[in-house]
Asker: 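Please see the structure below; I have some questions.
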There are 2 protein chains.
Amino acid sequence: MSPTRIPEATVARLPVYLRALNSLLEGDTRTCSSEELATAAGVNSAKLRKDLSHLGSYGTRGVGYDVEYLRYQIAREIGLTQDWPVVIVGIGNLGHALANYSGFTSRGFRTVALLDADSARQGELVAGLKIRPFTELSAIVREHGVAIGVIATPAAAAQSVCDHMVDAGIRSILNFAPSVLTVPAGVDVRMVDLSSELQILAYHEQRKSAPATPDPLDPGVVA
Amino acid sequence: MSPTRIPEATVARLPVYLRALNSLLEGDTRTCSSEELATAAGVNSAKLRKDLSHLGSYGTRGVGYDVEYLRYQIAREIGLTQDWPVVIVGIGNLGHALANYSGFTSRGFRTVALLDADSARQGELVAGLKIRPFTELSAIVREHGVAIGVIATPAAAAQSVCDHMVDAGIRSILNFAPSVLTVPAGVDVRMVDLSSELQILAYHEQRKSAPATPDPLDPGVVA
DNA sequence: CTCAGTTTGTTCCCACGTTCACAAACTCTT
DNA sequence: AAGAGTTTGTGAACGTGGGAACAAACTGAG
Ligand SMILES: NC(=O)c1ccc[n+]([C@@H]2O[C@H](COP(=O)([O-])OP(=O)(O)OC[C@H]3O[C@@H](n4cnc5c(N)ncnc54)[C@H](O)[C@@H]3O)[C@@H](O)[C@H]2O)c1
Ligand SMILES: NC(=O)c1ccc[n+]([C@@H]2O[C@H](COP(=O)([O-])OP(=O)(O)OC[C@H]3O[C@@H](n4cnc5c(N)ncnc54)[C@H](O)[C@@H]3O)[C@@H](O)[C@H]2O)c1
């Protein structure tokens with residue numbers, strides 16, 4: 001009974017719930033209350049219940065949730081019952097790490113190709129895959145039905161790589177380059193900016209140590 | 001005239017504005033309107049103006065913003081006029097990439113130590129720094145006044161590493177391990193979960209290709 | 001000086017997200 | 001079978017954030 005769209009904030013938390021449920025299953029927990037699951041996921045239990053209610057009514061009042069069943073329902077909602085072919089472009093420091101990351105494959109994603117524009121890198125074997133020329137993107141997307149692309153190139157190349165991805169038919173992009181990407185409607189971009197994360201931490205850190213901002217340039221309350 | 005707290009959503013965008021301003025400066029732009037800057041940052045111009053108004057009145061009506069001056073003000077607000085010593089714990093695939101990432105150093109952060117529990121890795125030279133034993137954490141934090149720590153260990157070790165960081169005096173943590181961290185009040189944790197990002201993309205991707213959800217188990221509209 | 005043109009800072013309103021609190025629905029004991 | 005104890009799902013209150021729209025403040029020309 002969920003023909004309605006799921007709120008974006010809820011969607012962003014579903015992967016967290018999925019992780020928590022997997023942890024519980026490893027500990028042989030068959031059933032759990034919203035309180036337990038919320039604690040494991042690090043959220044408020046009311047929020048958890050409301051989130052889950054958007055997917056449907058998968059719990060039992062007075063009892064809780066069947067861990068295995070709920071996990072399946074969330075996985076189905078996200079679309080992890082199939083697995084998604086992914087290409088990674090830009091196999092430098094970060095690209096190598098991503099290619100070697102087992103967490104992607106174990107969570108419904110399959111890296112089908114590693115691409116790089118630098119001919120010196122091509123042919124190198126990373127995590128069992130050969131690095132291939134960027135020009136093969138289009139053929140690879142067609143062959144494997146790739147819908148998701150990861151950009152791990154320098155910022156200067158990101159928009160160009162993005163454009164080629166879109167042309168090739170990729171409709172979802174995960175961007176690690178610190179650069180704003182422009183895409184046509186219908187294409188999703190998610191940006192992961194590690195420097196921004198540190199800067200946000202720095203902002204709060206500064207506020208902790210200096211409760212009263214001195215700032216010699218600021219005249220204070222303008223009288 | 002900004003003694004008020006800056007909204008969290010605004011804080012999260014300040015790094016983006018900073019990047020955009022740096023780009024403009026490289027292109028020798030001395031002055032810019034909110035419209036220009038908003039486009040460069042990929043946001044709505046009204047939102048940009050409201051964000052900046054939280055920092056103070058740094059623009060000139062009818063003219064726009066002085067790029068250099070605004071950049072300084074944002075940097076000061078975030079706390080990037082000083083630079084922040086950072087330790088990275090867990091120098092595996094991802095830790096290596098982070099250690100080699102120049103984007104951190106160029107944006108006000110200085111990696112002062114790389115730590116790993118695996119004695120086989122210790123002594124290895126990465127990005128000009130020797131990998132040191134995790135047990136030295138406390139001494140390093142004291143010596144350099146480290147306030148920010150990065151966790152790039154497996155999920156199983158993350159909470160333990162986190163606890164040691166907090167004991168050592170670290171009050172801001174960037175966590176790459178897919179694991180919910182419990183910390184005392186006063187400590188900030190930001191989580192970067194790459195698998196979650198892909199899963200969120202997968203959710204939307206699924207909705208694109210299948211406008212009408214079939215789902216043989218669902219009886220559809222309950223009549 | 002005045003007026004037209006430009007752009008900021010801010011106000012107002014709406015949509016979304018979070019949290020509390022509670023009725024509805026279940027289990028288990030007696 | 002009834003009542004006590006649990007726990008879900010949701011309605012309602014509250015807070016935060018986004019965007020349109022506009023007055024205030026500047027520039028520059030005549
Ligand atoms: N290394 C990190 O930990 C880290 C952290 C945060 C963000 N980033 C960002 O991720 C991106 C990659 O970082 P990195 O350290 O791996 O850089 P890198 O220089 O080591 O690797 C970049 C790779 O992209 C390839 N490349 C360049 N232009 C290309 C193009 N047009 N098409 C295809 N491939 C191309 C290069 O040949 C190189 O192999 C950068 O934008 C960086 O800012 C990196
Ligand atoms: N590799 C990636 O691209 C990637 C992407 C997303 C998330 N992650 C997450 O980042 C983390 C690291 O990933 P990785 O691929 O680098 O793993 P890895 O196994 O290559 O590296 C982990 C490192 O942590 C060290 N370590 C283990 N326990 C420790 C402890 N208690 N104290 C200090 N150091 C310890 C290990 O010796 C090893 O060097 C994992 O949690 C992973 O899920 C990695």
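Heavy-atom basis, side chains included; hydrogens, waters and symmetry copies ignored. Fair warning: this is a prediction, and the values are worked out from it, not measured in the lab. Quick note on labels: first sequence line is chain A, next is B, and so on, each numbered from 1.
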Asker: For the pair made of CD in A:Glu8 and C1' in C:dA15, what is the distance, rounded to whole Å?
Answerer: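 A:Glu8 atom CD is separated from C:dA15 atom C1' by 15 Å.
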Asker: B:Ser53 has a side chain; which of C:dT10, C:dA21, C:dT18 sits nearest to it?
Answerer: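 Per side-chain heavy atoms of B:Ser53, the pick is C:dT10.
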Asker: Starting at atom CD of A:Glu35, determine the distance to atom P of C:dC20, rounded to an integer number of angstrom.
Answerer: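 One finds 11 Å between P of C:dC20 and CD of A:Glu35, rounded.
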Asker: At under 4.0 Å, does any side-chain N or O of B:Asn44 touch on OP1 or OP2 of D:dA20?
Answerer: yes
Asker: Any heavy-atom pair between the side chains of B:Ile173 and B:Ile170 that's under 4.5 Å?
Answerer: yes
Asker: Taking B:Ser33's backbone N and O only, do any of them form a donor-acceptor pair with B:Glu36's side chain (distance below 3.5 Å, no angle check)?
Answerer: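 Such a contact is found between B:Glu36 side chain and B:Ser33 backbone.
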Asker: Taking atom types as modelled and ignoring hydrogens, do the side chains of A:Tyr17 and A:Asp51 form a donor-acceptor contact shorter than 3.5 angstrom?
Answerer: yes
Asker: Taking OP1 and OP2 of C:dT7, is either one under 4.0 Å from a side-chain nitrogen or oxygen of B:Ser34?
Answerer: no
Asker: Nearest heavy atom decides the nucleotide; on that basis, is A:Pro7 or B:Ser33 closer to the 5' end of DNA chain C?
Answerer: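 Its nucleotide being nearer the 5' end, the pick is B:Ser33.
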Asker: Between B:Lys50 (side chain) and B:Ser45 (backbone), is there a donor-acceptor pair under 3.5 Å?
Answerer: no
Asker: Within less than 4.0 Å of OP1 or OP2 of D:dG9, is there a side-chain N or O belonging to A:Ser57?
Answerer: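 So the side-chain polar atoms of A:Ser57 do come within 4.0 Å of the phosphate oxygens OP1 or OP2 of D:dG9, strictly under.
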Asker: Rounded to whole Å, how long is the line connecting atom CZ of B:Arg13 with atom C1' of D:dG19?
Answerer: 12 Å
Asker: Given atom CG of B:Asp51 and atom C1' of C:dG9, what is their separation to the nearest angstrom?
Answerer: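 Atom CG in B:Asp51 sits about 13 Å away from atom C1' in C:dG9.
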Asker: Taking atom P of C:dT18 as reference, at what distance in whole Å does atom NE2 of A:His54 sit?
Answerer: 10 Å
Asker: Could you state the NZ-P distance from B:Lys50 to D:dC22, rounded to the nearest angstrom?
Answerer: 16 Å
Asker: Quick one: are the ring centres of A:Tyr58 and A:Tyr65 less than 6.0 Å apart?
Answerer: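 No, the ring of A:Tyr58 stays outside the 6.0 Å limit from the ring of A:Tyr65, centre to centre.
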Asker: Between A:Arg49 (CZ) and D:dG11 (P), how many Å, whole number?
Answerer: 14 Å
Asker: Check whether any side-chain nitrogen or oxygen of A:Tyr65 sits under 4.0 Å from OP1 or OP2 of D:dT6, and answer yes or no.
Answerer: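 For D:dT6, neither OP1 nor OP2 has a side-chain N or O of A:Tyr65 closer than 4.0 Å.
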Asker: Of B:Leu52 and A:Lys47, whose nearest nucleotide on DNA chain C comes first from the 5' end?
Answerer: B:Leu52
Asker: B:Leu48 CG to D:dA20 C1': how many Å, rounded?
Answerer: 16 Å
